[in-house]
Amino acid sequence: MRENYYSALKHISKIANSHFGLRKICNSIAKSSAKAVQGDGCCILLLNPQKKYLVTVGAYGLSDFYLKKGPLDAHRSLPEILEGEIVFIADATKDERVQHPQIAQAQGISSILGVPILKKGEATGELRIYSREPRQFSKAEKSFLLSVVDICAVLLEKAELYQLLEKDYRASKRQIKYQVPQLPTNALRPTSFVHPSEEEFAKLLDFYRIEWLYEPRSFPLQWEGNEVVEGFTPDFYLPEMDLYVELTTLKQSLITEKNHKIRRLKELHPEINIRLLDKNDYTQLLAKYGYGPLGEAKVEGIDHVLYSHTQIQRRVRALAKRISQDYSGTTPVLVGILKGVVCFMSDLMQHLSLPVTLDFMAISYYGGDGQVVRITRDLDSSITGQHVLMVEDIVDTGMTLNYVLKHLLAHNPASLRVCTLLDKRTRRLVDVPIDYIGFEVPDEFVIGYGLDYKGEYRNLPFIGILHPEIMEEGESPDTPP
Ligand code: IMP
């Protein structure tokens, strides 16, 4: 038995150190692991970047339908693994921790052993061994699998490093400042796309920070007896929108076939949301969901998206809920400074479950360093004796807010609080009190959702980081609000 583990580990460490792609390496590790512990199948799963779903990166002895049984929610599927524990399931068809028990039954799976892949003590994925016969796993088998997952952890770290290098390489190509040698083509990517258009779509989704899963589910469409003779695997699943997406090519014959499959899928699963998209369709779809551009020119100059439209909306709703509770029974005055606050103010006030009134001020900067503030438009109505909530887009050095708060306090409001969507705390020069904060942002110039650079980008529905190239040399990006 020891001999078995030794030769399996020898093979696994050799393949992990080979030049093959991640999927091939993980398939091979899965095979050696399953054989060494006399399992019928094995798969290696990786947590997606949002750490919500598990994605298969390698497998052995399991059918495609089993592997693509649907999105695997990491917090529901054997959740103890996320805590770093080994999990044993004696009967997969009866255990409530198994997310797709019918499929396990159809596949004839009885026992499952899950072993976490830990990186610095934190789970990044897991290895699962499957058995058709009900069985137990010995101490020696578990100890062998713990060594395998340690090798997997090193391998996955290498893959992550590769991706960082790749990102850096792409950025360096754009900036043309320094040259990084071309990286090998056998990328250690967790997802291998069948078609380049799929990879392009995934990059676009990444840009907008939309979570995606690649081919997580295969739908059987036609059977002969117990055997599936026709199936359909949509390219993507977007959990935030609960939407499956199939990308089309330009070939009419393929489109007709896909349309037929989608019709059949809708008959069998009317609850499934699925769209067939070509490139034009998908930019329009993203625009419809508020993510972005109808034309690519509009997002030129953005290095990356910091907060997607959905993330902002979620946060604004949460802030509005707290404010509504805190101001319950009053009619506060919301005060904003034009123009950066328009998007935030508009969304925030619509989610408040209170009667409110609204007022705006405008200010301009003058003086050598642009940091001396002057009010160019004052409030329309008196705030004396009123509960005032100052609503800000971003607090940076805090100078503007400090000046405006002093001005407002001079009018003796009943109370004065501050709500800012963004807090660039690391740049603070004046200590200003802030009661409600949307997001703490890094020391970088942000644009979109009302915030501008030289008057542009205010209408983007997300918040992004301005590409450093756009900022002219030696120029301070700070613009009047
Ligand atoms: P402060 O007085 O330094 O706190 O600056 C506040 C004002 O500067 C904000 O209301 C914005 O108009 C502008 N500002 C500061 N940082 C940024 C940014 O990253 N993007 C866009 N505007 C900014």
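Order of listing sets the numbers, starting from 1, for every ligand and every atom in it. Values below: every heavy atom of this structure, side chains too, minus hydrogens, waters and symmetry copies.
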A.B. asks: State if G340 counts as touching ligand 1 under the rule of any non-hydrogen atom under 4.0 Å.
C.D. replies: no
A.B. asks: Would you find a donor on one side and an acceptor on the other, under 3.5 Å apart, between the side chain of H75 and the backbone of K51?
C.D. replies: yes
A.B. asks: Has ligand 1 got any nitrogen or oxygen that is less than 3.5 angstrom from a nitrogen or oxygen of L401?
C.D. replies: no
A.B. asks: Please list, in number order, the atoms of ligand 1 under 4.0 Å from a heavy atom of V446.
C.D. replies: 18 (C), 19 (O), 20 (N), 21 (C)
A.B. asks: Do the charged groups of K261 and E246 touch, with an N to O distance under 4.0 Å?
C.D. replies: no
A.B. asks: Any chance you could measure T426, atom OG1, to E440, atom CD, to the nearest 0.5 Å?
C.D. replies: 8.0 Å
A.B. asks: Atoms of ligand 1 less than 4.0 Å from D452 heavy atoms?
C.D. replies: 21 (C)
A.B. asks: Can you establish whether the number of heavy atoms outside D443 located under 6.0 Å from its atom CG is more than 12?
C.D. replies: yes
A.B. asks: Check each heavy atom of L451 against ligand 1 and say whether those closer than 4.0 Å belong to the side chain, the backbone, both or neither.
C.D. replies: side chain
A.B. asks: For T400, take its heavy atoms, then give the atoms of ligand 1 lying under 4.0 Å from any of them.
C.D. replies: 1 (P), 2 (O), 5 (O), 6 (C)
A.B. asks: K424 side chain to T397 main-chain N or O, any donor-acceptor pair under 3.5 Å?
C.D. replies: no
A.B. asks: When you compare ligand 1 with G398, is there at least one nitrogen or oxygen pair between them that comes in under 3.5 angstrom?
C.D. replies: yes
A.B. asks: At a 4.0 Å threshold, what atoms of ligand 1 neighbour a non-hydrogen atom of E444?
C.D. replies: 19 (O)
A.B. asks: Of the options V148, V87, I86, which is the one that meets V115 in a side-chain contact (heavy atoms from CB on, under 4.5 Å)?
C.D. replies: I86
A.B. asks: Under a plain distance cut-off of 3.5 Å, with no hydrogens placed, do Y237 and D242 share a side-chain donor-acceptor pair?
C.D. replies: yes
A.B. asks: Of the side chain and backbone of R427, name the one, both, or neither that has a heavy atom under 4.0 Å from an atom of ligand 1.
C.D. replies: neither
A.B. asks: Heavy-atom distances under 4.0 Å decide this one: backbone, side chain, both or neither, for D393 against ligand 1?
C.D. replies: side chain
A.B. asks: Can you list the ligand 1 atoms lying under 4.0 Å from a non-hydrogen atom of T397?
C.D. replies: 1 (P), 2 (O), 3 (O), 4 (O)
A.B. asks: Let's go through Y244 and F219 carefully: what are the C-alpha distance in whole Å and the side-chain angles of both, what is the deciding distance for ring pair (Phe, Tyr, Trp, His ring centres under 6.0 Å) to 0.1 Å, and is it a yes or a no?
C.D. replies: CA-CA 12 Å; Y244 284 91; F219 295 91; 5.5 Å; yes
